[in-house]
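Note that these values count all heavy atoms, side chains included, but never hydrogens, waters or copies made by symmetry.
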Amino acid sequence: MRKILTTARQLWRDAPNWRRGVMAAGAVTLLALIPVGGNGGGGGGGGGQPPVAGPPPGGGGTYSGGGGGGGTVNPVGAVSQALACLGTRANHPAMQKAPEGQRCEGLVAAVGSCGVTEADLPRATPAQRDILDEVKTCGGKLEASDAHWAALAGALAEYGKRRSLAGAKSVASARSNLEQFDLDRAGTQDKAAAVKAADQAGADRDEALTLLTALSPLARLYSGADSQNLSTVSDLAEGYKKIGMLKIAIDPAELGAADREAVEAATDAARAIEESDRRIAALKAADARRAGEPLPYVRAVASLTEFDRARIAQGALPGTDLATIDKAVKSSLADAIDIMLGEYGRKTTLTAAAQLLRLQGMADAQKVELSGTARERLEGVAKDVAGHDKRMEIVRSVAADWKALRQRGGSDAGVEERVKQIMAAVAAPGTIELNSFDAGDVDAATKSAFAVLAQAFVEITGRLAKGGAGALAAYVDCSRISDRLIKPVCDKLSALLVGGGFRAGSAPGDSVISIALSNPALRDAGRDAKTGMPQRELKLAARLAWSYSGRSADLGEIVATGADRDLQTALDHVHSNAAKTIYERAMAQLGE
């Protein structure tokens, strides 16, 4: 109670903004109806304009502290005018009808404006003590309410900086914590604006989640730019456009597996449509010059995928059809195939192989005569493509085996060996990236399967190769560090790992590698002998572990120093130097 009385008086006296805010609100609006002055009537609950207790006429009089004019009568001279004022205001009909939040603010404001002090408390009547107890309860409720509004304001401020799903979730959580008491307090317009903004953030989030939910079934049907499922690709691409029109940013890292799959499928579908549009546009441009330059037109036709041709069949290139296109290239097919075979001999790519086989199919359909040499070389091209198809089939199969193994837990030497064998067959030497031929024209499902194998390879071997960081999630474990001055090392180290190509891991179980920091020791190291600047020295121990293989390595004691005229800046240098040293040692251990 002493704290409430002191705070209320100080706010009333020293915080005009607070006082004006309360006065402007409903609670104090009610208090403003009560005139100051009049005789020393008690805290009666009658209507009209109740008087505020003043000095008894002639030094006498009594104060009735109870509601409705009743209560204990104090001896002459023992009346507390401040408590009488508080009682009068508390028992005014308008105040009694006010919502609880406004009444509490009004009571706390009345304590300050009536000048109630600790010295008044011994002279309180039972009815006045009830009011003081209510004031005490109100103090706790108002403090909790202030925290609710502050949490909402903070969440809205962060959401205003970046409209993310996580930010909208924080706003929604803060909004759900608001109680009727909070909503009934002063500052109606400001609070209404905050609630409206919070509700809008919730609507933004619901709109995004509804779209992702609608895209999830399509994502399960998606298997890349599939000519047999053109409607699914088109619908997903349209969904990607809608994602871009949302009022909220979609960060895959904030999504569950199904929603993340939906975003990835929509993104890939939109990219497939965009690439198809470019090939169709190139064909249209080449068609305009076809009479004088037939070869570019044939090349443009050869570049068309089955997906492109399916789109053209559905009207993606108005004014023409597939039969017209095929007929237009007939006379130039043989020459074009000979030229492109020569290019393929100098540089074998999957894209060129696919184009050659498409031209061969057109030549056979239109009975175009090809030389024996061309036929023989085209057989070799077909074998190249068949080899690719077989390797990608194995990639998908082994990736499925690995995922099943991880779900079961434990290990399987046979599966691990197959992962290493297929990676040796399809990865470019010294990397965990697809070789240039196999990477030429793979669908989304195969890309995803290879990404699984790339991560599996790193998990099994515990070594990075070129491009390996992108296959990994990394987690910095700071659970052993309790000193808040050391915590920035964790953030800086996490940023270095992400900057180095790793994905951020949210927990040890989600990551492939984790770096645990322990044994922190930060000390003042005096002044730098050369510069005279104050120094700090940090000693840390770090441990590197692979979540699947179970291998680990102690990175040893990390010693980092920093010096600056400002000790806080010196401390920042220490944190950066320690994080950099740990990162470099971890990369050396991983083999990057």
Side-chain angles (χ1 to χ4, degrees), residues 158 162 166 251 253 455 458-459 461-592:
E158 289 301 314
R162 180 175 177 271
D251 183 351
Q455 180 168 319
V458 175
E459 290 187 45
T461 62
R463 304 292 292 177
L464 289 180
K466 182 180 178 182
L472 293 173
Y475 173 73
V476 183
D477 182 1
C478 302
S479 59
R480 295 190 181 95
I481 295 180
S482 58
D483 190 337
R484 62 181 179 83
L485 292 177
I486 312 298
K487 287 288 187 181
V489 177
C490 301
D491 295 334
K492 293 179 185 295
L493 180 54
S494 295
L496 280 171
L497 290 167
V498 172
F502 292 92
R503 292 180 288 108
S506 59
D510 297 335
S511 61
V512 176
I513 67 166
S514 62
I515 299 177
L517 306 183
S518 60
N519 305 325
L522 181 69
R523 71 181 186 89
D524 192 335
R527 293 182 177 276
D528 185 283
K530 295 182 178 179
T531 65
M533 295 180 180
Q535 290 189 107
R536 288 290 178 95
E537 181 182 79
L538 174 66
K539 290 184 179 181
L540 282 171
R543 185 175 180 83
L544 182 69
W546 290 262
S547 63
Y548 174 77
S549 66
R551 301 193 335 169
S552 61
D554 287 315
L555 299 182
E557 186 179 60
I558 310 299
V559 180
T561 59
D564 196 89
R565 298 189 185 281
D566 175 68
L567 283 179
Q568 182 57 53
T569 306
L571 191 59
D572 291 341
H573 291 170
V574 168
H575 292 152
S576 295
N577 293 340
K580 183 179 178 181
T581 302
I582 296 169
Y583 175 79
E584 290 173 348
R585 289 195 187 179
M587 291 301 96
Q589 188 71 40
L590 288 167
E592 175 80 329

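Rounding to the nearest 0.5 Å places CG of Leu497 at 9.5 Å from CD1 of Ile582. To the nearest 0.5 angstrom, Ser576 atom OG is 10.0 Å from Leu571 atom CG. Here Lys487 contributes atom NZ and Lys492 contributes atom NZ; the two are 15.0 Å apart, rounded to the nearest 0.5 Å. Between atom CG of residue Leu544 and atom CG of residue Leu555 there is a gap of 5.5 Å, rounded to the nearest 0.5 Å. Separation of atoms CE (Met587) and CZ (Phe502) is listed at 3.5 Å; rounding is to 0.5 Å. To the nearest 0.5 angstrom, Leu590 atom CG is 14.0 Å from Arg585 atom CZ.
Applying the salt bridge (Lys or Arg N to Asp or Glu O under 4.0 Å) rule to Glu584 yields no partners; only residues at least two apart in sequence or on another chain are considered. Take Asp251 and apply the salt bridge (Lys or Arg N to Asp or Glu O under 4.0 Å) test, not counting sequence neighbours, and it matches Arg162. A search for salt bridge (Lys or Arg N to Asp or Glu O under 4.0 Å) contacts involving Arg480 returns nothing, not counting sequence neighbours. Residues forming a side-chain hydrogen bond (donor to acceptor under 3.5 Å, both in side chains) with Glu557 (at least two apart in sequence, or on another chain): none.
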Show your working on side-chain contact (heavy atoms from CB on, under 4.5 Å) between Ile513 and Val458 and close with a plain yes or no.
CA-CA 10 Å; Ile513 67 166; Val458 175; 5.8 Å; no
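Legend: salt bridge (Lys or Arg N to Asp or Glu O under 4.0 Å) pairs involving residues 527-550, not counting sequence neighbours, sorted by first then second residue: Arg523-Glu537, Arg543-Asp554. Within the structure, the salt bridge (Lys or Arg N to Asp or Glu O under 4.0 Å) test picks out no pair touching residues 569-580 (sequence neighbours left out).
Of all heavy-atom pairs spanning Ile481 and Cys490, the tightest one is CD1-SG, 4.3 Å. Taking each heavy atom of Val489 and Ala579 in turn, the nearest pair found is O-CB, 4.1 Å. In terms of heavy-atom proximity, Gly562 sits nearest to Val574 at N-CG2, 3.2 Å. Pairing each heavy atom of Leu517 with each of Ala542, the nearest pair is CD2-CB, 3.8 Å. Looking at every heavy atom in both residues, Ile558 comes nearest to Ala578 through CG2-O, 4.0 Å.
Inter-residue side-chain proximity for Ile486 and Leu540 is flagged as met; some heavy-atom pair is nearer than 4.5 Å.
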